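Keep in mind that this is a model prediction, so the values were computed, not measured.
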Amino acid sequence: MVSAQCGPGCPLDDAAIDRWRAPFLRPGAVDAFVVVMRHPLIGLTDAQETAVAVPAAVLFSSEDRSFSRPQALTTAARLHTPLVAELPGARHLALLGEPERFAAALRPELDALDALDGR
């Protein structure tokens with residue numbers, strides 16, 4: 001499952017898998033996971049996302065089957081941001097499998113946030 005979501009470069013040894021699984025093994029994790037899965041993207045309702053009042057950017061991976069470009073654009077609209085970037089060829093857990101590419105894709109969005117914020 002981790003390999004399918006992460007892609008090339010993802011650590012798949014037993015220790016890495018154990019680190020990834022650890023939060024799901026804590027008391028109450030199953031109930032929390034079910035609650036999060038009943039809400040879009042980040043465990044917030046649409047109304048809660050709309051109420052977010054901090055500068056935001058949305059980064060999505062082109063090969064992510066759980067968060068597509070249309071979903072990224074919808075999320076950006078709810079977060080009141082024009083900043084949407086795509087990480088080509090990456091999967092859902094690109095942050096784990098390709099952290100350098102992820103950071104490189106995120107850097108322009110962070111710079112744009114600074115510009116929007118007037119820094």
Looking only at non-hydrogen atoms, find the nearest pair between [X] and [Y] and report the distance.
| X | Y | result |
| --- | --- | --- |
| Arg26 | Ala22 | CG-O, 3.4 Å |
| Ala76 | Val84 | CB-CG2, 3.3 Å |
| Ala105 | Ala85 | O-CB, 4.3 Å |
| Pro23 | Ala29 | O-CB, 3.3 Å |

Exercise for the section: Check whether any side-chain heavy atom of Glu63 lies under 4.5 Å from a side-chain heavy atom of Leu87, and answer yes or no. Expected result: no

Handout entry: Thr75 side chain near Phe60 side chain, heavy-atom distance below 4.5 Å
Key = no

Practice task
Could you tell me whether the side chains of Gln71 and Ser68 share a donor-acceptor contact shorter than 3.5 Å?
Solution key: yes

Practice task
Using atom types as modelled and distance alone, determine if a side-chain donor or acceptor of Arg65 lies under 3.5 Å from a backbone N or O of His92.
Solution key: no

Practice task
Following the transitive rule for hydrophobic clusters with a side-chain heavy-atom cut-off under 4.5 Å over Ile, Leu, Val, Met, Phe, Trp and Tyr, establish whether Leu25 and Leu96 coincide in one cluster.
Solution key: no

What distance separates [X] [atom1] from [Y] [atom2], expressed to the nearest 0.5 Å?
| X | Y | atom1 | atom2 | result |
| --- | --- | --- | --- | --- |
| Phe102 | Ser61 | CZ | OG | 7.0 Å |
| Asp114 | Glu109 | CG | CD | 11.5 Å |
| Leu93 | Asp64 | CG | CG | 8.0 Å |
| Asp46 | Thr74 | CG | OG1 | 9.0 Å |

Problem - Asp13, CG: over 12 other non-hydrogen atoms inside 6.0 angstrom - result: yes

Exercise for the section: Applying side chain to side chain donor-acceptor pair (under 3.5 Å), name anything that partners Arg107, two or more places apart in sequence or on another chain. Expected result: Asp111

